[in-house]
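Working notes, beginning with the structure itself.
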Amino acid sequence: MARDEASDGRAEPSVNPADRVDRIVEQWARERPDLETTAMAVFGRIFRLARLAGERMEQAYAPFGIGRPEFDVLATLRRSGEPYQLSAGELAASMMLSTGGTTARLDRLEKADLIQRLPSPTDRRGVLVRLTPQGFDVIDQAVGAGLAVQQRMLGHLPEEAQHRLNDLLREVFAGAGGDADVRWLGPDLPVRVEWEGHASDTTKRRPRRAGGK
């Protein structure tokens, strides 16, 4: 059973009912009482929570005609700041994808008129990827919808507990060497850029299509 810390330092049963992770841990405690399974319980919940959040985020993005793969491309461009464009290579690196995998995403987004591909002025073989005005509007709405989902999932926790949870996860992430591989956050961008979990700044100007259209 999950346990909480009492004010006098003693462990008390948690007010939350046992979940599937508790049952799995209890089974291991019975079969292998020599194992300390706290880490198993922590990461079991992190994995399950991540999967649940992923499913709900996909549902939040669906009304905008995009899924998580397309969201990642649009969000990376949006948070890069004006003119909301990056090279195809930077996008591929940010999402840890092969060139072919990135091309498939860009093809879908270009077909939907959410991005446009432009020749690089400095590299004859290079390609720049830029948000279209429609893509700008879609990502600003989608990031707000996704953030609302995340906020609802944490809504039962007091604000102080949410901040404490964030701090603890940051410590775990740093202690595990997570900062050594954060390419999924996107290519190196100015410090002012925020990650997808934060509300976007809708006061920014919509991009113009290349050629002034």
Check step by step if side chain to side chain contact (heavy atoms under 4.5 Å, CB included) holds for F136 and L74.
CA-CA 8 Å; F136 182 94; L74 298 176; over 6 Å; no
Side chain to side chain contact (heavy atoms under 4.5 Å, CB included) assessment of I66 paired with L114
CA-CA 10 Å; I66 61 174; L114 301 181; 3.9 Å; yes
Could you give me the CA-CA distance, side-chain angles and deciding distance for D167 and R164, then say whether salt bridge (Lys or Arg N to Asp or Glu O under 4.0 Å) is met?
CA-CA 5 Å; D167 289 340; R164 186 165 67 249; over 6 Å; no
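A pairwise comparison of heavy atoms in I115 and L106 identifies CD1-O, 3.7 Å as the closest pair. Minimum interatomic distance between P83 and R130 (heavy atoms only, all atoms of both residues): O-CG, 3.7 Å. Looking at every heavy atom in both residues, V172 comes nearest to F43 through CG1-CZ, 4.4 Å. Between V25 and A41, the closest heavy-atom pair is CG2-CB, 3.9 Å. Of all non-hydrogen atoms in L77 and L86, the two that sit nearest each other are CD2-N, 3.7 Å. Scanning both residues, L128 and S120, for their nearest heavy atoms gives CG-CA, 4.1 Å.
Put simply, the side chain of Q85 reaches to within 4.5 Å of the side chain of L118, judged on heavy atoms. Taking 4.5 Å as the limit, some side-chain heavy atom of D107 sits within range of a side-chain heavy atom of R117. Looking only at side-chain heavy atoms (C-beta outward), R20 and R23 come within less than 4.5 Å of each other. Side-chain contact between R108 and P69: present, with at least one pair of heavy atoms (C-beta onward) separated by less than 4.5 Å.
Not a single donor-acceptor pair under 3.5 Å links the side chain of E70 to the backbone N or O of R105. Panel note: side chain E31, backbone W28; no donor-acceptor pair is recorded below 3.5 Å. Counting only distance, with no hydrogens or angles, the side chain of R48 and the backbone of G44 share a donor-acceptor pair below 3.5 Å. At least one donor-acceptor pair closer than 3.5 Å links the side chain of T132 to the backbone N or O of G135. With hydrogens and angles ignored, the 3.5 Å screen pairs a side-chain donor or acceptor of Q162 with a backbone N or O of L154. Of the possible polar contacts, one joining the E36 side chain to the T38 backbone as a donor-acceptor pair under 3.5 Å is found.
Under the 4.5 Å side-chain heavy-atom criterion for ILVMFWY residues, no single connected hydrophobic cluster contains both M153 and L168. Clustering ILVMFWY residues whenever any of their side-chain heavy atoms sit less than 4.5 angstrom apart, transitively, puts M40 in a cluster other than the one holding L169. Cluster membership for L49 and L165, using ILVMFWY side-chain heavy atoms within less than 4.5 angstrom, is not shared. Taking hydrophobic clusters as Ile, Leu, Val, Met, Phe, Trp and Tyr residues chained together by side-chain heavy-atom distances below 4.5 Å, Y84 shares a cluster with F64. A continuous path of Ile, Leu, Val, Met, Phe, Trp and Tyr side chains, each step under 4.5 Å between heavy atoms, connects V149 with I139, placing both in one hydrophobic cluster.
Taking 4.0 Å as the cut-off between side-chain N and carboxylate O, D72 and R68 count as a salt-bridged pair. Comment: R45 engages D22 in a salt bridge, judged by a side-chain N to carboxylate O separation of less than 4.0 angstrom.
Going from atom CZ of R56 over to atom OH of Y61 covers 14.0 Å, rounded to the nearest 0.5 Å. With rounding to the nearest 0.5 Å, the separation of CG in L157 from NE2 in H163 is 11.5 Å. The CZ atom of F47 sits 15.0 Å away from the CG atom of L52 when rounded to the nearest 0.5 Å.
The 12-atom threshold is exceeded at CZ of R30, counting heavy atoms of other residues, nucleotides or ligands nearer than 6.0 Å.
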